[in-house]
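The next block holds one structure in the form of structure tokens; read it before the comments.
Hydrogens, waters and symmetry mates play no part in the numbers below; they use all other heavy atoms, side chains included.
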Amino acid sequence: MKTGKPTRLSEKLNAELDEIRQEHVASISSQLKSFRIDLKNIVGAAQHTITSDTRRFQTETASLFETRLRSIRLWLTISPWLIAGMLLTGIASMMAASFFWTAHLTRSELTEMGLTRIERPEGTWLILDPSKTRLRTCTMGERHVTCIRIEED
């Protein structure tokens with residue numbers, strides 16, 4: 001024979017368990033909803049950060065490339081003129097140095113031979129040093145020409 005008490009107790013326990021389950025289900029549902037909202041906020045913030053960082057990187061990179069391109073264009077514009085100027089300066093300085101060296105050697109060579117060169121408006125004169133040079137008449141081929149004989153020590 002059965003009594004009604006255990007049935008009531010089991011019904012009571014089942015009812016309490018159902019209440020606890022519903023509370024847990026509501027709590028878990030609320031937690032899941034809160035988790036979803038937090039996760040959406042985190043994902044949105046991460047996407048915003050990635051988007052803004054990518055945009056800033058692209059802007060800085062483009063700016064850097066534009067700056068480098070401007071400097072390359074400037075050097076491509078200037079460098080041929082700079083190189084040509086340097087070459088012309090080098091050639092001109094070599095020619096000037098060659099001219100002055102030749103003039104110096106010519107003057108010193110003339111002095112060693114006993115000749116002095118004097119430039120005047122009416123012409124250039126060579127003066128003979130009597131101790132080192134003699135004016136003579138020479139025969140070259142079959143012609144008589146005036147020669148300067150240099151007497152070496």
Side-chain angles (χ1 to χ4, degrees), residues 14-153:
N14 282 338
E16 285 179 13
L17 280 174
D18 280 343
E19 268 182 51
I20 293 172
R21 279 186 202 134
Q22 287 175 359
E23 286 176 10
H24 284 308
V25 166
S27 173
I28 288 174
S29 175
S30 170
Q31 288 176 355
L32 282 175
K33 187 176 181 180
S34 176
F35 179 73
R36 281 188 197 119
I37 290 170
D38 289 345
L39 194 59
K40 283 182 182 179
N41 289 338
I42 290 170
V43 167
Q47 284 177 337
H48 175 71
T49 302
I50 290 170
T51 303
S52 66
D53 285 352
T54 303
R55 220 177 266 129
R56 191 181 61 148
F57 173 76
Q58 287 174 339
T59 303
E60 288 177 5
T61 304
S63 173
L64 178 67
F65 281 132
E66 287 171 2
T67 303
R68 294 236 171 120
L69 279 174
R70 272 192 300 253
S71 109
I72 289 170
R73 284 185 187 127
L74 177 67
W75 277 107
L76 285 175
T77 303
I78 292 174
S79 65
W81 293 105
L82 187 63
I83 291 170
M86 288 174 57
L87 284 174
L88 287 174
T89 303
I91 290 170
S93 63
M94 290 293 211
M95 289 176 70
S98 175
F99 172 75
F100 288 119
W101 184 250
T102 302
H104 173 70
L105 286 179
T106 304
R107 289 177 201 266
S108 63
E109 186 72 25
L110 287 174
T111 306
E112 283 182 26
M113 291 189 302
L115 301 170
T116 305
R117 180 179 179 165
I118 299 176
E119 296 195 30
R120 300 224 171 146
E122 66 270 3
T124 303
W125 297 84
L126 284 177
I127 300 174
L128 305 175
D129 182 1
S131 64
K132 292 185 179 180
T133 57
R134 303 264 187 263
L135 193 58
R136 306 265 182 196
T137 302
C138 306
T139 306
M140 294 242 173
E142 299 202 5
R143 291 181 49 197
H144 292 289
V145 293
T146 304
C147 301
I148 300 174
R149 179 173 179 197
I150 300 170
E151 296 180 3
E152 298 182 24
D153 297 331

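If you take CD1 on I42 and CD1 on I37, they are separated by 12.0 Å, rounding to the nearest 0.5 Å. For the atom pair CZ (R73) and OG1 (T77), the distance works out to 9.5 Å, reported to the nearest 0.5 Å. In this structure, CD in Q31 is found 6.5 Å from CD1 in I28, a value given to the nearest 0.5 Å. We find the CG-OG1 distance between L115 and T133 to be 6.0 Å, quoted to the nearest 0.5 Å. Put simply, CH2 on W81 and CG on L88 are 10.0 Å apart, with the number rounded to the nearest 0.5 Å. One finds the CD atom of E16 at 6.5 Å from the CD1 atom of I20 (value rounded to the nearest 0.5 Å).
Formation of a donor-acceptor pair under 3.5 Å by the T51 side chain with backbone atoms of Q47 is found in this model. Using modelled atom types, no side-chain atom of S27 and backbone atom of E23 make a donor-acceptor pair closer than 3.5 Å. A distance-only check finds no donor-acceptor pair linking the side chain of S63 to the backbone of T59 [under 3.5 Å]. At distances below 3.5 Å, at least one donor-acceptor pair connects side-chain atoms of T89 with backbone N or O atoms of G85. Of the possible polar contacts, one joining the R134 side chain to the P130 backbone as a donor-acceptor pair under 3.5 Å is found.
In terms of heavy-atom proximity, T139 sits nearest to G141 at CG2-O, 3.8 Å. Annotation for T137 and H144: closest pair CG2-CB, 4.2 Å, computed over non-hydrogen atoms.
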Discussion item. What verdict does the side-chain contact (heavy atoms from CB on, under 4.5 Å) test give for T61 and F65, after you've listed the backbone C-alpha separation in whole Å, the side-chain angles of each residue and the deciding distance to 0.1 Å?
Written reply: CA-CA 6 Å; T61 304; F65 281 132; 3.2 Å; yes
Worksheet item: Would I83 and M86 satisfy side-chain contact (heavy atoms from CB on, under 4.5 Å), going step by step from the backbone distance to the final call?
Response: CA-CA 5 Å; I83 291 170; M86 288 174 57; 5.6 Å; no
Worksheet item: Is there a side-chain contact (heavy atoms from CB on, under 4.5 Å) between R21 and D18 once you walk through the steps?
Response: CA-CA 5 Å; R21 279 186 202 134; D18 280 343; 3.2 Å; yes
Practice prompt. Please test T116 against D129 for side-chain contact (heavy atoms from CB on, under 4.5 Å), starting from the C-alpha separation and ending with a verdict.
Written response: CA-CA 8 Å; T116 305; D129 182 1; over 6 Å; no
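Within 6.0 Å of the CD atom in E142, the count of heavy atoms belonging to other residues, nucleotides or ligands does not exceed 12.
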